[in-house]
Each structure stands twice: as structure tokens, then as C-alpha cells.
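Let me begin by presenting the structure, written as C-alpha cells, before commenting on it.
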Amino acid sequence: MPELPEVETVCRGLAEALIGRKLVRVIANRPNLRFPLPNDLGQRLIGNSISAVKRRAKFILIEMRTSDVLIAHLGMSGRFRIYQNTPPPENTHDHVIFETESGSVIRYNDPRRFGFFDLTSRDDLAENRFLSDLGPEPLENTFTPDVFIKHIKSRKTSLKAALLDQHIVAGLGNIYACEALFMARLSPRRKTHTVGPKRATALVDAIKTVLANAIAQGGSSLRDHRKTNGELGYFQHTLQVYGQENKACPRCGIGYQITRINQSGRSTFFCPHCQR
DNA sequence: ATATATCCCTGCGCGC
DNA sequence: TGCGCGCAGGGATATA
């Protein structure tokens, strides 16, 4: 599932294929994904060149020379695939097709259609409804233990829920939230108001480390996507708790099992022995 | 105001 | 072998 590291990896791939290139073809194969596709997509993008590809949380920002900005979100199952030469026949879930003057074909594929596109301008980016209320970028210096504590101290919720709340810190999903809590030895059930400077520092450090490691490995989901036979990607071997139900805790060893619980409708994996 | 539930959607793995 | 079911979880929206 695409979380921040996967989105970052996708952005880097898109940047390589798109920056400085002019779009000669933009086709929407259906009127909507999660939301209606912008109806002036082709009109505003065709003949326009890409000047930058950026990421904000799990959002991909494709900036055009005209100051138009295409915002893309992968949702749960969205993928961008780039073909330099003759692309294979289109898949039923190839919903949006881009083609550059240099002949690259970029397809947005999304079986579950939880992803979406939005079109705005650089001037309006900060006020965009998807971006305006996002919390700090976890890998930037603006995300500190002090900032984190300030956001969570008055909340009456669990640490796990706080990490998934994009207003508090933007970009974590279920996998990396579980992994960061494990690394910081903190229980996902711990109430946020019980977190002081020491625990906040451990957690903020863990979040940064987990995300940076995942990015360094090219993310986990993208590697999965490359393997069309369904074989799991490299990051699978790096996961300490996510999906490891009933396995021995990597820290506590035999006799201490990774437990799966449900928090606000989502699975949480953790070790009740070393995560307090 | 914040916390929780519901919804969107398809593919996959499981049990019978 | 196949069918139905539950699960996967991004984020907006509705409800408590």
C-alpha cells in the first residue's frame, strides 16, 4: 500500500520521466476515480511542460511551467507505470494515460479507484482542500518532539490513531505507524496525553528512521508492483511487526508473540511485552 | 471541538 | 472447483 516512502519513490520515477518534457496526450478513460476527474485536464496539460515533481505527505504534485499543478493521490491501489518504448495493451484499470513529446507513456492504474486527481495552481496550492490542513512533513526539521507533543497533549486518543491522523503528522499509514511504534517501544494503545519529551523524542526519531530506511529501499509497495508474479518485495523482510501476527517478537524472542488488535477499524500489530 | 463510524472499490485468500 | 465472505486501508463525510 502506498504510504510516504512509496509515494516518494513514485515521485522520483515520475520526475525522471517528466521534468522538462512536454505532454502531447492526456486521456481519461473514465470520468471519475474517488472523485470526478478535472474536466479540463487535457486542456490545461496538453502542450504544457513539467517543471517539477514534488511530494507533500502522500500527495504527488506535478508542477507545470504555466503554474498549473496536478495533484495526484494513489489511494490504496494506485500505481503509475512508465513505458519508454512500446507499451503493452492497456489494462482495464488503466484510468488515465499521459504521453510526452519524447515518447514516454505514463499510465495511472488503480483497480480500487480510491486514488484521485485535482488540478490547481501554484498560487492556490496552500489553500487546496486536500493540502491545507496537513500536519508537518515527518522527514523535515519542522517535525520535532516539541511540535509533536503540542499537537497530541490535549487529545484523548491512542498513539496509533494519532500517527494516522494526517493533521498531526502527514504521510504515515498503517504499516509505518505500526513499525515506528515498535521501534520506539511504545504501545499503540497508549493515550497521547501520557507522552512526555522522552517518549516523544523516541517516537519522532523512530518515525524518521523507519521512513528514511523505507525510502532508501525504494519503498515496499513499488517493489511489489514491479513483480507481476505477486512475489513480495524486499521491504517485506524488513517489517518487524506489520503482518507478523503470532510470530515471535524480533526483540523479545521466542515466547513473546506479535499481537494483532483492531483500532478504529484498522489492524494494529505490536508486541505487548516490549511496547509500553 | 474531537472521536468514531461509514463509505467508496476490487482482488485475494480462506473455509466450506 | 467454485462460491461467498471478510479483509486490506487511503481519506472524505456523516454522526455522536
Side-chain angles (χ1 to χ4, degrees), chain A residues 1-11 29-37 55-61 71-80 90-96 108-118 120 127-135 138 150-181 188-194 211 214 219-222 224-225 227-233 235-236 239 241-246 260-270:
Chain A
M1 310 301 163
E3 298 183 29
L4 187 151
E6 290 74 41
V7 176
E8 177 64 28
T9 308
V10 169
C11 281
N29 285 333
R30 53 175 302 122
N32 64 295
L33 295 171
R34 174 83 165 84
F35 305 111
L37 286 160
R55 180 190 57 74
R56 173 73 173 107
K58 300 172 199 168
F59 294 86
I60 298 165
L61 311 177
I71 301 174
H73 195 290
L74 302 175
M76 290 291 298
S77 58
R79 307 130 162 70
F80 277 103
E90 282 183 24
N91 180 286
T92 35
H93 302 302
D94 288 337
H95 303 308
V96 188
Y108 178 76
N109 178 284
D110 189 355
R112 292 169 72 179
R113 306 205 299 271
F114 279 20
F116 52 88
F117 286 83
D118 193 19
T120 185
E127 285 77 41
N128 180 269
R129 67 167 176 137
F130 298 114
L131 307 177
S132 60
D133 294 328
L134 289 174
K150 200 156 72 180
H151 275 91
I152 63 170
K153 69 178 175 188
S154 59
R155 298 290 195 102
K156 287 178 174 51
T157 188
S158 66
L159 265 183
K160 171 73 182 317
L163 293 189
L164 292 181
D165 187 335
Q166 303 294 300
H167 304 100
I168 296 173
V169 56
L172 287 176
N174 206 32
I175 296 172
Y176 297 108
C178 289
E179 294 297 312
L181 285 165
R189 290 192 277 219
R190 174 179 284 277
K191 296 296 177 188
T192 55
H193 62 84
T194 68
L211 293 178
S220 49
S221 300
L222 195 77
D224 294 352
H225 299 164
K227 299 188 176 186
T228 50
N229 60 6
E231 196 182 322
L232 290 170
F235 198 78
Q236 166 76 5
L239 295 175
V241 289
Y242 188 82
Q244 310 298 311
E245 188 182 12
N246 295 333
R260 171 194 186 135
I261 59 170
N262 193 292
Q263 288 182 293
S264 47
R266 283 216 166 136
S267 286
T268 297
F269 299 88
F270 75 115

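The chains referred to below are lettered A, B, ... by the order of the sequence lines, with proteins before strands, and numbering in each begins at 1.
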key: Donor-acceptor under 3.5 Å (A/Gln263 side chain, A/Pro188 main chain)   = yes
message = Is it the case that the side chain of A/Gln166 and the backbone of A/Gly135 share a donor-acceptor pair, with hydrogens and angles ignored and the cut-off at 3.5 Å?
response = no
query = OP1 or OP2 of B/dT4 sitting under 4.0 Å from any side-chain N/O of A/Thr157?
reply = yes
ask   = With no hydrogens and no angle check, is any side-chain donor or acceptor of A/Lys153 less than 3.5 Å from a backbone partner on A/Thr194?
value = no
message = Could you spell out the base pairing of DNA chain B as a dot-bracket line? Use Watson-Crick and G-U wobble contacts where both distances are under 3.5 Å, [ ] for crossing pairs, | for partners on a different strand.
response = .|||||||.|||||||
query = Mind checking the P distance from B/dA1 to C/dG11? Whole angstroms is fine.
reply = 22 Å
Give me the distances for all protein-to-nucleotides 11-15 of chain B N/O pairs that come in under 3.5 Å?
| unit_1 | atom_1 | unit_2 | atom_2 | d |
| --- | --- | --- | --- | --- |
| B/dG11 | OP1 | A/His93 | NE2 | 2.8 |

query = NA contact type, A/Ser154, heavy-atom cut-off 4.0 Å: base, sugar-phosphate, or nothing?
reply = nothing
Separation of B/dA3 C1' from A/His193 NE2 (nearest whole Å) = 14 Å
message = Can you confirm whether A/Ile152 sits close enough to A/Thr157 that some side-chain heavy atom of one is under 4.5 Å from a side-chain heavy atom of the other?
response = no
query = Atom CZ of A/Phe35 to atom C1' of C/dG10: distance rounded to whole Å?
reply = 10 Å
ask   = Mind checking whether A/Phe130 and A/Phe35 have parallel, tilted or perpendicular rings, split at 30° and 60°?
value = tilted
ask   = For A/Asn128 and C/dG11, what is the distance between atoms CG and P respectively, to the nearest whole Å?
value = 13 Å
task = In whole angstrom, give the distance that lies between atom CG of A/Asp165 and atom P of B/dA3.
result = 8 Å
ask   = Does A/His73 or A/Phe269 map to a spot on DNA chain C nearer the 5' end, using the closest nucleotide for each?
value = A/Phe269
message = Rounding to an integer number of Å, can you tell me how far A/Asn174 CG sits from C/dG11 C1'?
response = 14 Å
inquiry  = Among A/Asp165, A/Asn174, A/Thr192, exactly one meets side chain to side chain donor-acceptor pair (under 3.5 Å) together with A/Lys160. Which residue is that?
reply    = A/Asn174
request  = Check whether any side-chain nitrogen or oxygen of A/Arg34 sits under 4.0 Å from OP1 or OP2 of C/dG10, and answer yes or no.
outcome  = no
ask   = What distance, rounded to whole Å, do you find between the two P atoms, one in B/dC9 and one in C/dC3?
value = 23 Å
query = So does A/Gln166 get a side-chain nitrogen or oxygen closer than 4.0 Å to the phosphate oxygens (OP1/OP2) of C/dG11?
reply = yes
query = What's the spacing between A/Phe59 CZ and A/Leu74 CG if we round to 0.5 Å?
reply = 10.5 Å
request  = Starting at atom CG of A/Asn32, determine the distance to atom P of B/dC8, rounded to an integer number of angstrom.
outcome  = 13 Å
query = Taking atom CD1 of A/Ile60 and atom CZ of A/Phe117, what is their separation to the nearest 0.5 Å?
reply = 8.0 Å
inquiry  = Quick check: on DNA chain B, is the nucleotide nearest A/Arg266 upstream (toward 5') of the one nearest A/Lys156, or the reverse? Name the residue that is more 5'.
reply    = A/Lys156
remark   = Taking C/dG10, C/dG11, B/dT2 as options, the one with an atom nearest any side-chain atom of A/Phe59 is C/dG11
inquiry  = If I take atom CZ in residue A/Phe116 and atom C1' in nucleotide C/dG10, what distance separates them, rounded to the nearest angstrom?
reply    = 8 Å
ask   = Which value, in whole Å, describes the distance between the P atoms of nucleotides B/dT6 and C/dG6?
value = 14 Å
inquiry  = Please confirm whether the shortest side-chain N or O distance from A/Arg129 to OP1 or OP2 of C/dT13 is below 4.0 Å.
reply    = yes
ask   = Does the A/Glu179 side chain pair with the main chain of A/Val241, one donor and one acceptor, at a distance under 3.5 Å?
value = yes
query = Quick check: does any side chain N or O of A/Arg79 sit under 3.5 Å from a backbone N or O of A/Ser77, one acting as donor and the other as acceptor?
reply = yes
key: Rounded interatomic separation in angstrom, taking CZ from A/Arg113 and P from C/dA12   = 19 Å
